[in-house]
Colleague: 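Supplied in structure tokens, the structure appears directly below.
When reading the values below, keep in mind they use all heavy atoms of this one structure, side chains included, and skip hydrogens, waters and symmetry mates. Naming convention: chains lettered A, B, ... in sequence-line order (proteins, then strands); numbering from 1 in each chain.
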Amino acid sequence: MLFRVIDKNEIEALVRGFATSYEVVGPVKRGESYVFDEIGCDPSRLCVDYTTTLLPPKKYLLPPREVLFKFSTAQNSVQDFEQEIVPRVLFGLHACDINAINRLDKVYIDDEYDDPYYHKIRENTLIVGISCMPSEHCFCNVWGTDEVTQGYDLFLHDIGDRYLVSILSVRAAEVLTISTSAREASVQDSVDFQTRNAKFRSAFPSANNISELPMLMDAFYNDALWEELGERCLSCAACSVVCPTCHCFNIKDILSPNGEEGTRVRVWDSCCSPDFAAVAHGHNFRATAASRVRNRFYHKFLGYPSKHGDVLCTGCGRCEVACKATINPRVVIDGLQQDAIAQRNSAIDKGVARG
Amino acid sequence: MDKIIGANETEQIRRNYETLSGTELMKRNLYRPWPARITSITELTATEKLFELRLIDPEVREAFTHTAGQFVELSIFGVGEAPISISSAPSKQGFIELCVRSAGSVTGVLHDKQCGDIVGLRGPFGRGFPFEEMKGHDILLVAGGLGIAPLKSLINHIHDERHAFGNVTILYGSKNPSEVMFRSQFEMWQHRKDFNLILTVDNTEDQPWDGEVGVVTKLFNRIDIDPNNTYAAIVGPPVMYKFVIAEMRKKGLHFDRIYVSFERAMKCGIGKCGHCMVGHQYVCVDGPVFNYWEAANIQGAM
């Protein structure tokens with residue numbers, strides 16, 4: 001891996017360097033919160049020390065509403081849809097959000113079942129990461145997604161008055177070289193990087209041991225916890241909207257007013273929506289909120305990992321803030337682990353298990 | 001007039017990508033439906049019709065090959081899409097048969113279509129029955145209600161390569177005689193020596209009927225099965241699986257030689273949209289056909 005060092009005040013030059021050939025999107029302040037937004041050629045809008053944005057950067061790769069193609073109902077024909085691709089830099093993403101994009105890539109970029117829309121946008125998107133410090137809602141350390149080693153083009157590690165820049169792509173290396181006076185890392189830079197990492201790691205509370213989580217998801221599939229969470233769930237789908245890894249969608253036809261033509265679009269959907277698993281003749285395979293909440297976490301902790309290896313959660317904590325019913329990964333993990341301990345203690349008391 | 005223009009538009013798209021083969025054209029964008037003309041409509045029951053379709057683009061038509069048990073996404077432009085299992089055998093080339101119940105908005109509109117009308121098709125999707133693996137063995141097929149639609153593809157394919165199989169037993173249960181599909185064909189087959197076909201209805205409802213009466217599981221005491229040399233497949237309403245599998249297990253059939261097919265809300269068909277998720281699997285790409293061992297290991301499937 002290639003490293004270079006730039007001074008912190010060179011970040012504006014770097015942004016301007018990208019802005020000559022890319023749309024630059026980064027974290028900006030909106031009210032009391034942060035959002036990812038286009039910053040134009042104005043690097044001063046960029047808030048590099050932001051905590052977490054309201055919505056994750058997935059909105060740029062998987063737009064909330066995306067046209068798949070146009071059709072004519074009069075002629076029963078399909079017109080191939082040409083995507084308008086904006087070459088874009090997602091500037092200032094935290095490790096969790098880059099890890100989330102890596103997980104989306106595994107679903108949407110595929111030899112056998114490729115998604116041409118996502119693929120095209122992703123190919124034309126550069127990612128510049130930036131180091132962070134955890135907020136009270138961050139639990140990326142539980143999954144190991146507090147670090148990222150692939151999927152970005154540049155990653156800026158804060159080392160005091162400089163950034164140690166990890167470089168993974170030629171395209172970004174060229175912009176870095178042209179727009180800044182990037183230099184070789186010194187021993188001092190390396191030492192400061194290690195000191196900074198130690199400080200970052202110690203800022204997290206201790207992480208639950210999650211090695212048994214896949215087993216717990218199966219063993220406690222019928223646990224009372226799911227009923228309890230189901231009773232609380234409002235089925236509002238806010239969790240899926242703010243989740244950087246949730247990627248379910250629905251496909252709909254939108255007709256023009258005269259009914260002669262239309263567009264087929266895909267729109268964000270959530271497995272927590274009541275009719276998500278309903279089939280045409282009316283049967284709903286997940287009619288209860290409990291079954292939907294369980295399905296969502298089952299997929300994140302066991303379904304997706306069984307296919308792609310990683311857990312489909314990066315510990316960004318957005319759902320902890322968004323969910324009005326306090327249903328989130330940490331509540332589920334704690335709940336299952338407590339129920340497992342209670343079950344074991346109860347078995348010991350009854351003499352059916354040894355302590 | 002409209003239909004001719006539809007065909008021309010397809011031609012235009014072909015010209016834009018004339019260096020691509022039919023397979024490449026389809027794979028370029030798996031969300032894109034291809035216009036197909038309805039070439040025949042057969043009324044099967046009051047609610048089910050058999051549609052025969054022909055893809056208009058000749059290269060796409062030639063590249064479209066499927067295995068029994070796979071499905072397509074059928075488009076009615078302006079209404080939407082519905083996943084429909086293919087009823088015709090892979091050996092029937094150039095035409096695709098879909099047995100469709102009028103159940104939702106898309107299938108409702110399809111039922112109002114006439115021969116010559118154009119709809120959209122994309123696919124085929126999913127994993128079908130292991131036809132090659134089943135060769136050389138006895139076959140036991142059990143259908144309930146509309147479950148005969150996906151199974152019909154397998155039945156037709158076995159029929160076309162009948163010499164490659166041992167004994168073939170088909171049990172088909174319906175609610176009442178008026179809901180029996182492909183009735184005339186099956187009634188002829190009852191006299192064939194190379195198929196042991198038994199039809200049953202839950203209730204005759206005072207309609208003429210010379211088949212069996214009672215649920216399909218009651219037929220198991222009438223059939224003779226070599227458990228070490230038999231592949232079985234079941235397609236029907238979810239409630240049926242448990243009871244039929246119990247009968248098959250009593251006969252000694254192997255876990256991994258009993259095949260089932262699941263119906264779920266497959267919207268994208270390519271493992272992206274999440275609607276057909278069951279347990280840790282996507283029915284659209286991992287299924288819809290699973291063997292019983294796989295199905296039993298999917299949480300919430302059986």
Side-chain angles (χ1 to χ4, degrees), chain A residues 68-69 71-81 107-108 110 112-118 217-218 221-222 246-256 259-262 264 266 269-271 275-286 291 294-295 298-299 302-307, chain B residues 2-3 5-10 12-13 16-17 27-35 73 75-83 101 103-108 117-120 125 146 237-238 263-282 285-286 299-300:
Chain A
L68 297 179
F69 53 83
F71 56 80
S72 157
T73 49
Q75 301 172 0
N76 273 308
S77 62
V78 182
Q79 295 158 31
D80 267 19
F81 180 67
V107 174
Y108 284 92
D110 185 83
E112 193 176 2
Y113 302 109
D114 197 47
D115 189 291
Y117 306 94
Y118 180 97
M217 291 307 294
D218 266 334
Y221 190 78
N222 294 312
C246 271
H247 56 268
C248 287
F249 58 83
N250 199 356
I251 300 176
K252 290 180 176 175
D253 283 5
I254 310 291
L255 276 175
S256 66
E260 286 179 4
E261 57 202 15
R264 181 160 293 169
R266 68 168 160 201
D269 203 350
S270 167
C271 62
D275 59 354
F276 187 80
V279 291
H281 54 76
H283 184 71
N284 187 342
F285 284 95
R286 283 187 288 277
S291 64
R294 177 176 62 189
N295 172 72
Y298 192 86
H299 182 66
L302 204 152
Y304 182 91
S306 75
K307 293 206 179 350
Chain B
D2 288 354
K3 289 147 209 158
I5 297 167
N8 286 346
E9 290 251 330
T10 316
Q12 180 145 15
I13 290 157
N16 293 342
Y17 300 101
K27 206 176 170 181
R28 248 185 90 242
N29 185 352
L30 295 166
Y31 295 100
R32 186 202 192 286
W34 293 90
E73 292 284 349
S75 275
I76 303 285
F77 297 113
V79 182
E81 285 186 305
R101 173 177 290 175
S105 50
V106 174
T107 52
D117 285 348
I118 292 174
V119 296
F125 297 122
L146 191 57
E263 182 202 10
R264 288 295 187 281
M266 289 88 95
K267 295 245 172 170
C268 73
I270 55 175
K272 312 279 183 255
C273 79
H275 283 265
C276 70
M277 200 184 293
V278 48
H280 65 294
Q281 301 284 50
Y282 283 99
V285 290
D286 300 313
Q299 288 278 16

Colleague: Pick whichever of V279(A), I254(A), D115(A) has the most heavy-atom pairs under 4.5 Å with chain B.
Modeller: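 Ranked by heavy-atom pairs under 4.5 Å with chain B, first place is D115(A).
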Colleague: With respect to chain B, which residue among Y221(A), F69(A), Y304(A) yields the maximal number of heavy-atom pairs within a distance under 4.5 Å?
Modeller: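 Ranked by heavy-atom pairs under 4.5 Å with chain B, first place is Y221(A).
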Colleague: Chain B: which of H283(A), K252(A), R286(A) shares the most heavy-atom pairs with it under 4.5 Å?
Modeller: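 When all of H283(A), K252(A), R286(A) are compared, R286(A) has the most.
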Colleague: A278(A) and A265(B): which non-hydrogen atoms are nearest, and at how many Å?
Modeller: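 Between these two residues, the closest heavy atoms are O-CB, 3.4 Å.
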Colleague: Under a 4.5 Å heavy-atom cut-off, does chain B meet the side chain of E112(A), its backbone, both or neither?
Modeller: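 Contact with chain B is through the backbone of E112(A) alone.
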Colleague: Is a salt bridge present between D269(A) and K267(B), judged by a nitrogen-to-oxygen distance below 4.0 Å?
Modeller: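 Salt bridge absent between D269(A) and K267(B).
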Colleague: Looking at D110(A), L68(A), N295(A), D218(A), which one has more heavy-atom pairs under 4.5 Å with chain B than the rest?
Modeller: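 Result: the option with the highest number of such pairs is D218(A).
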Colleague: Give the member of G271(B), P33(B), G78(B), G274(B) that has the highest number of heavy-atom pairs under 4.5 Å with chain A.
Modeller: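 Maximum pair count with chain A is reached by G78(B).
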Colleague: Donor-acceptor check, side chain of K272(B) to backbone of V107(A), threshold 3.5 angstrom: yes or no?
Modeller: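 Side chain of K272(B) to backbone of V107(A): a pair is present.
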Colleague: Ring centres under 6.0 Å, that's the criterion: do Y298(A) and H280(B) meet it?
Modeller: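 Judged by ring-centre distance (under 6.0 Å), Y298(A) and H280(B) do not meet the cut-off.
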Colleague: Check each atom of V79(B) against the heavy atoms of chain A and say whether the ones under 4.5 Å are side chain, backbone, both or neither.
Modeller: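 Backbone only.
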Colleague: Below 4.5 Å from any heavy atom of chain B, which atoms of D114(A) appear? Answer side chain, backbone, both or neither.
Modeller: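 Contact with chain B: backbone only.
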Colleague: Side chain, backbone, both or neither: which part of F249(A) has an atom under 4.5 Å from a heavy atom of chain B?
Modeller: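 The answer is both parts of F249(A).
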Colleague: Non-hydrogen atoms of chain A under 4.5 Å away: do they reach the side chain of C276(B), the backbone, both or neither?
Modeller: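 For C276(B), neither part sits under 4.5 Å from chain A.
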Colleague: Counting only heavy atoms closer than 4.5 Å, note whether Y117(A) contacts chain B via side chain, backbone, both or neither.
Modeller: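 Answer is side chain: those atoms of Y117(A) sit under 4.5 Å from chain B.
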Colleague: List for me each residue that meets salt bridge (Lys or Arg N to Asp or Glu O under 4.0 Å) alongside R264(A), sequence neighbours excluded, and say none if there are none.
Modeller: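 Expected list: D253(A), E81(B).
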Colleague: Can you name the closest pair of heavy atoms from N76(A) and F77(B) and give their distance?
Modeller: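 Smallest heavy-atom distance, with atoms named: OD1-CD1, 3.7 Å.
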Colleague: Of all of C273(B), G104(B), S75(B), which one pairs up most often with chain A through heavy atoms under 4.5 Å apart?
Modeller: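 Among C273(B), G104(B), S75(B), the one with the most close pairs to chain A is C273(B).
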Colleague: Look at V106(B), D286(B), N29(B) and state which one has the largest set of heavy-atom pairs under 4.5 Å with chain A.
Modeller: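 The candidate making the most pairs under 4.5 Å is N29(B).
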Colleague: I need the H299(A) NE2 to Y282(B) OH distance, nearest 0.5 Å.
Modeller: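 Atom-to-atom, H299(A):NE2 and Y282(B):OH are 3.5 Å apart.
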Colleague: Heavy-atom cut-off 4.5 Å, strictly under: side chain, backbone, both or neither for Y108(A) against chain B?
Modeller: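 Contact with chain B involves both backbone and side-chain atoms of Y108(A).
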Colleague: With under 30° as parallel and over 60° as perpendicular, where do the rings of F276(A) and H275(B) fit, or are they tilted in between?
Modeller: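 Rings of F276(A) and H275(B): parallel, as their planes differ by under 30°.
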Colleague: What is the minimum heavy-atom distance between Y113(A) and L30(B), and which atoms define it?
Modeller: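 Looking at all heavy atoms of both residues, the shortest contact is CA-CD1, 3.7 Å.
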Colleague: Roughly how far, to the nearest 0.5 Å, is the CZ atom of R264(B) from the CZ atom of F285(A)?
Modeller: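 The CZ atom of F285(A) sits 4.0 Å away from the CZ atom of R264(B).
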Colleague: Does any heavy atom of chain B fall under 4.5 Å from the side chain of R266(A), the backbone, both, or neither of them?
Modeller: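 For R266(A), side-chain heavy atoms alone lie under 4.5 Å from chain B.
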Colleague: Could you go step by step and tell me if L302(A) and Q299(B) meet the side-chain contact (heavy atoms from CB on, under 4.5 Å) rule?
Modeller: CA-CA 11 Å; L302(A) 204 152; Q299(B) 288 278 16; over 6 Å; no
